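Written out below as structure tokens is the structure these notes cover.
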Amino acid sequence: IKKILPANVQIIDSGEAVARQTKNVLEKKGLLANVQQKKPGFHTNKNPRILHDLLHQETSENFHVSYLDF
């Protein structure tokens with residue numbers, strides 16, 4: 001993007017701020033993963049079976065997928 005924008009245009013990377021806010025929301029909802037957890041868990045606001053089956057198809061692993069209204 002920097003290559004095609006004028007030099008006076010400043011690009012702001014919000015990734016760190018978004019990561020901090022995501023952590024805060026997960027902590028408040030009690031959903032922050034325990035670092036000792038071996039496999040990642042996933043949350044979706046659609047049918048969890050769809051994501052579970054897709055992950056299993058791609059990785060042959062059974063991940064925990066749960067519905068979360070977000």
Side-chain angles (χ1 to χ4, degrees):
I1 294 174
K2 284 184 176 184
K3 289 180 182 179
I4 61 172
L5 292 175
N8 64 328
V9 175
Q10 182 181 5
I11 297 175
I12 300 171
D13 181 1
S14 62
E16 187 175 334
V18 170
R20 277 194 310 270
Q21 180 61 18
T22 300
K23 180 182 178 201
N24 289 338
V25 170
L26 291 173
E27 283 176 336
K28 285 178 185 175
K29 292 186 175 274
L31 297 172
L32 193 61
N34 184 338
V35 287
Q36 295 178 7
Q37 185 176 346
K38 301 284 185 217
K39 274 197 230 180
F42 296 89
H43 299 283
T44 179
N45 62 347
K46 299 293 182 186
N47 182 341
R49 191 79 212 165
I50 295 170
L51 180 56
H52 177 271
D53 291 349
L54 178 64
L55 290 167
H56 182 71
Q57 178 182 341
E58 294 298 318
T59 66
S60 298
E61 297 221 19
N62 283 309
F63 293 102
H64 175 73
V65 181
S66 61
Y67 175 81
L68 182 63
D69 186 18
F70 54 90

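One-based numbering along the sequence shown. This one's a predicted model, so the numbers in the text were calculated from it and none came from an experiment. The figures here come from the full heavy-atom set of this structure, side chains too, leaving out hydrogens, waters and symmetry mates.
Interatomic distance, CG of L31 versus NZ of K23, reported as 14.5 Å (0.5 Å rounding).
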* **Test log, rule side-chain contact (heavy atoms from CB on, under 4.5 Å), inputs I50 and L54** => CA-CA 6 Å; I50 295 170; L54 178 64; 5.6 Å; no

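Taking hydrophobic clusters as Ile, Leu, Val, Met, Phe, Trp and Tyr residues chained together by side-chain heavy-atom distances below 4.5 Å, L68 shares a cluster with L32. Cluster annotation: I1 and V9 are assigned to the same hydrophobic cluster (Ile/Leu/Val/Met/Phe/Trp/Tyr, side-chain heavy-atom contacts under 4.5 Å, transitive).
With side-chain heavy atoms closer than 4.5 Å counting as contact, directly or through intermediates, the hydrophobic cluster containing L55 also holds F42, L51, F63, V65.
Applying the side-chain hydrogen bond (donor to acceptor under 3.5 Å, both in side chains) rule to T44 yields no partners; only residues at least two apart in sequence or on another chain are considered. N8 pairs by the side-chain hydrogen bond (donor to acceptor under 3.5 Å, both in side chains) definition with nothing, not counting sequence neighbours.
More than 12 heavy atoms of other residues, nucleotides or ligands shown are found within 6.0 angstrom of CD on E27.
Judged purely by atom type and a 3.5 angstrom limit, H56 uses its side chain to pair as donor or acceptor with the backbone of E61.
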